[in-house]
Amino acid sequence: MTEEERYELFEEINELIDIYNEFCPIQESSAVVVDAVKMTITEMIKYIIKDKTEIESLIQFLESSDFYTAPASTKFHGDFKGGLACHTLMVIKQSLLFAQPMLSNFFMSPGAEKYKISAKDVFLCALCHDFCKTNFYEIEYRNAKDLNGNWIKKPFYKTKSDNRNLGHGNESVLLMLQVMPSLINNRPVLEAVSRHMGFSDLSDSETYNYSVILQNPLVILLQTADQTAAQWFNF
């Protein structure tokens with residue numbers, strides 16, 4: 001990448017961070033401003049994506065699915081209504097914050113000339129990485145006692161029994177391509193979303209030569225952002 005391209009990359013990264021800070025959707029106390037989560041994601045999409053058709057397709061997918069109401073998991077990080085959107089936004093934030101130091105370091109490496117990374121790439125990796133969790137969970141009820149010792153029906157999230165799954169990352173890739181077909185030739189983004197779970201989501205055959213995938217800086221960036229969002233901030 002040229003110096004001009006790198007400058008544009010980091011300028012747009014900073015603009016996206018400014019959008020996040022403007023709406024303050026997730027407070028330092030971990031309190032969530034629900035309306036601000038959707039607004040932040042929408043404004044980021046409108047800023048970083050230039051094609052109006054892709055903007056409309058992406059926003060329509062998010063709003064027509066349960067993206068903004070689904071949990072991020074059944075019992076771990078983000079196991080609450082709206083947890084998926086909160087987790088996604090935290091991964092976006094972490095990706096943006098880590099992007100400049102990580103990519104600046106990567107650009108000094110011998111293999112840097114193989115990759116041309118944009119702020120749009122960084123954003124879309126984070127936004128789309130858990131698309132597989134849309135329309136994935138359902139609410140069921142179990143018997144439990146309330147604080148007064150009375151039996152009640154307590155709701156909990158459960159994975160739908162009729163889900164068909166090609167793997168966590170690969171399912172997200174499929175949905176991402178349905179929404180934004182233009183990404184079909186953007187291999188760095190496809191690899192990052194497909195492999196964002198690291199070794200935990202790979203078959204034996206997929207682990208072969210996995211080190212080559214790790215040469216892609218977006219893979220490392222997304223894995224780091226995803227883990228820190230969940231483990232450091234519980235989103």
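Predicted model only: the values in this text are computed from it and were never measured. By convention here, the first residue in the shown sequence is residue 1.
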Closest approach of [X] and [Y], non-hydrogen atoms and distance?
X    : Y    : answer
V122 : S95  : CG1-CB, 4.0 Å
N170 : S194 : OD1-OG, 2.7 Å
D51  : E54  : OD1-N, 3.0 Å
V91  : A229 : CG2-CB, 3.7 Å

Do other residues, nucleotides or ligands put more than 12 heavy atoms under 6.0 Å from the [atom1] atom of [X]?
X   : atom1 : result
E4  : CD    : no
K50 : NZ    : yes
D35 : CG    : no

- prompt: Once the angle between the rings of F235 and F80 is folded into 0 to 90°, is it parallel (under 30°), tilted (30 to 60°) or perpendicular (over 60°)?
  reply: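 Taking F80 first and then F235, their aromatic rings stand perpendicular (interplane angle over 60°).
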
- request: Evaluate side-chain contact (heavy atoms from CB on, under 4.5 Å) for T42 paired with K46, printing each intermediate quantity in order.
  value: CA-CA 6 Å; T42 301; K46 291 179 178 179; 3.7 Å; yes

Do [X] and [Y] belong to the same hydrophobic cluster, where Ile, Leu, Val, Met, Phe, Trp and Tyr are linked whenever their side-chain heavy atoms lie under 4.5 Å apart, directly or via other members?
X    : Y    : answer
L96  : F10  : yes
Y68  : V33  : no
W232 : V32  : yes
L214 : V173 : yes

Would you compute the distance between atom [atom1] of [X] and atom [atom2] of [Y] and round it to the nearest 0.5 angstrom?
X    : Y    : atom1 : atom2 : result
M1   : E8   : CE    : CD    : 8.0 Å
K38  : E63  : NZ    : CD    : 4.0 Å
C125 : L218 : SG    : CG    : 4.5 Å
L89  : I41  : CG    : CD1   : 5.0 Å
L190 : I184 : CG    : CD1   : 6.0 Å
L97  : I92  : CG    : CD1   : 12.0 Å

Would you indicate whether the side-chain heavy atoms of [Y] and [X] approach each other to under 4.5 Å?
X    : Y    : result
S30  : N234 : no
I26  : F233 : no
I13  : Q100 : no
L127 : L58  : yes

- request: Show your reasoning for whether side-chain contact (heavy atoms from CB on, under 4.5 Å) applies to V189 and F123.
  value: CA-CA 10 Å; V189 170; F123 173 74; over 6 Å; no

query: Hey, are R187 and E191 close enough for a salt bridge, meaning a charged N less than 4.0 Å from a carboxylate O?
result: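 Looking at E191 together with R187, the answer is yes, because their closest N to O distance falls below 4.0 Å.
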
- request: Starting from the C-alpha separation in whole Å, work towards a yes-or-no answer on side-chain contact (heavy atoms from CB on, under 4.5 Å) for T88 and F67.
  value: CA-CA 10 Å; T88 299; F67 176 82; 3.7 Å; yes

- prompt: Should F61 and Q178 be marked as a side-chain contact (heavy atoms from CB on, under 4.5 Å) after you check the CA-CA gap, both sets of side-chain angles, and the distance that decides it?
  reply: CA-CA 10 Å; F61 168 78; Q178 288 175 19; over 6 Å; no

Pairing residues for D226 by the salt bridge (charged side-chain N to carboxylate O under 4.0 Å, His left out) criterion, not counting sequence neighbours: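 Counting only residues at least two positions away or on another chain, D226 forms no salt bridge (charged side-chain N to carboxylate O under 4.0 Å, His left out).
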
- prompt: Would you say the side-chain atoms of D79 and S73 include a donor-acceptor pair closer than 3.5 Å?
  reply: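 Not at all, the side chains of D79 and S73 share no donor-acceptor pair under 3.5 Å.
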
query: Given H129, which of H87, Q223, H196 fulfils the side chain to side chain donor-acceptor pair (under 3.5 Å) condition?
result: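 So, applying the side chain to side chain donor-acceptor pair (under 3.5 Å) to H129 and each of H87, Q223, H196, only H87 qualifies.
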
field: All side-chain contact (heavy atoms from CB on, under 4.5 Å) counterparts of K133, not counting sequence neighbours
entry: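 Checked K133 against side-chain contact (heavy atoms from CB on, under 4.5 Å); matches are H77, L84, D130, Y137, H168.
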
